[in-house]
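This report refers to the structure that appears directly beneath it.
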Amino acid sequence: MTTVIHADRLIDGTGAAAIKDAVLVIEAGLIGDVFEGRLPEGRVPEGTETIDLRGCTVLPGLIDTHVHLNMPGDGSMLEVVVRETDGVLVATSTLSARRALDAGITTVRDVGGARRTVFDARRALELGHGPGARILACGQPITITGGHTWYFGGEADGEEGLRIKVREMCKLGADFIKVMASGGGTVNTMSWLPSYSPRELAALVDEAHRQGRKITAHCLCAESTNWVVDAGFDGIEHGGFIVNKAGHQKYEPATADKVARAGIPVTSTLAVGGFTLKAMRAIEHRTPAEQHVLDRWLRMSDENFTQFRRMREAGVTWVAGTDAGWRFTTIEGLPLEFELMQQGGFSALEAITAGTGLAARVLGIEDKVGTLKPGLAADVIAVAGDPLDDLSRLGDIRMVMQGGHIRKRVS
Ligand SMILES: [Zn+2]
């Protein structure tokens, strides 16, 4: 089975400049060759299916490196979502994966859900019971007793307890391991303090790597980041600098330098602030509590942008992740994340690369998806117009192809 796609331009996800008047050949569900201008005579058999995407830009399926499929992203608090049964959470997860795919996000990395619900959702999709984004899952985020997202079932303490928990996640089918190295948005956790000791973090890394898994850590304060880098983690989520209960941040250049020198990628998750501000501004008559949320996020978003820019200048690698599901952050939110990254100093092409080719490298799946290199799975999307001119074009999806199968087509 061969398909030929014609489009105004093609962005291949490697960071290379767009190719104009592109012709993309798909063969047996895999990316074939890319040509500029026109297809060479005799390259494909007579009567090959042709998809005309003139007026559109073709690019690799997008990858969101930080989502929570359990959560609907409609403003619900984690504390409310986790009251539902596991059956509901599995259903919500498959629906989230479906919504992501419809939005051109063909792969997601789920960084934490309840018990085995995300593994079960992943399994149903693998069985072909419906369309959805490819899911990489960690299962339960590993957290101290009473720590961030403890409701998911990931509590474990002490070096031995942590090794057992890592093995348990691998037994259930974890593609990677996620650790809460500081508190977070969970009620009564302390985002301004590290959670695990350096020795516990070292045990986590050792065990994850023995099991052949990458390990990433949620870090909202500088000390948690310092310790995670020393322990040899493969990734950092958020990379915040919170110093107190009010959520004030204080940028630490030495921490940024440390992350940059170690070459550990950090997920951006700027969309959390973007979506919260949007939701709060949309309320005509805000309650004092809502006004407080708005004021807090106005300040936090400002600080987040400044830190994003300064860390980038220090040489930190930012990879695109939204924290979809968390509060108001929708599963379709990656284009907004790209726009916010652009406001933080990225070019449009760099932002797209951070959510395609670079994201695949960070996840260790660059030999399967993420770019339009020959031999990779044909996860290809088309959007109307030129997203390099205007990243919001990525919200105008005209085609979604996953593994060579057309999942969506809008003419
Ligand atoms: Zn998260």
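Remember, it's 1-based here, ligands and their atoms both numbered in the order they're listed. These numbers come from a predicted model, not from an experiment.
Atom CD of Glu207 and atom NZ of Lys165 lie 14.0 Å apart (nearest 0.5 Å). Between Ile242 atom CD1 and Met190 atom CE the span is 13.0 Å, to the nearest 0.5 Å.
The N, O or S atom of Asp323 lying closest to the Zn ion (ligand 1) is OD1.
Relative orientation of the Phe308 and Phe346 rings is tilted, given thresholds of 30° and 60° on the angle between their planes.
Under 2.8 Å from the Zn ion (ligand 1) lies no N/O/S atom of His238, from backbone or side chain alike. Among the backbone and side-chain atoms of His218, no N/O/S atom is found under 2.8 Å from the Zn ion (ligand 1).
Residues His238 and Trp326 keep their aromatic ring centres 6.0 Å or farther apart.
Centred on the Zn ion (ligand 1), the NE2 atom of His68 and the NE2 atom of His66 lie at an angle of 110°, reported to 10°.
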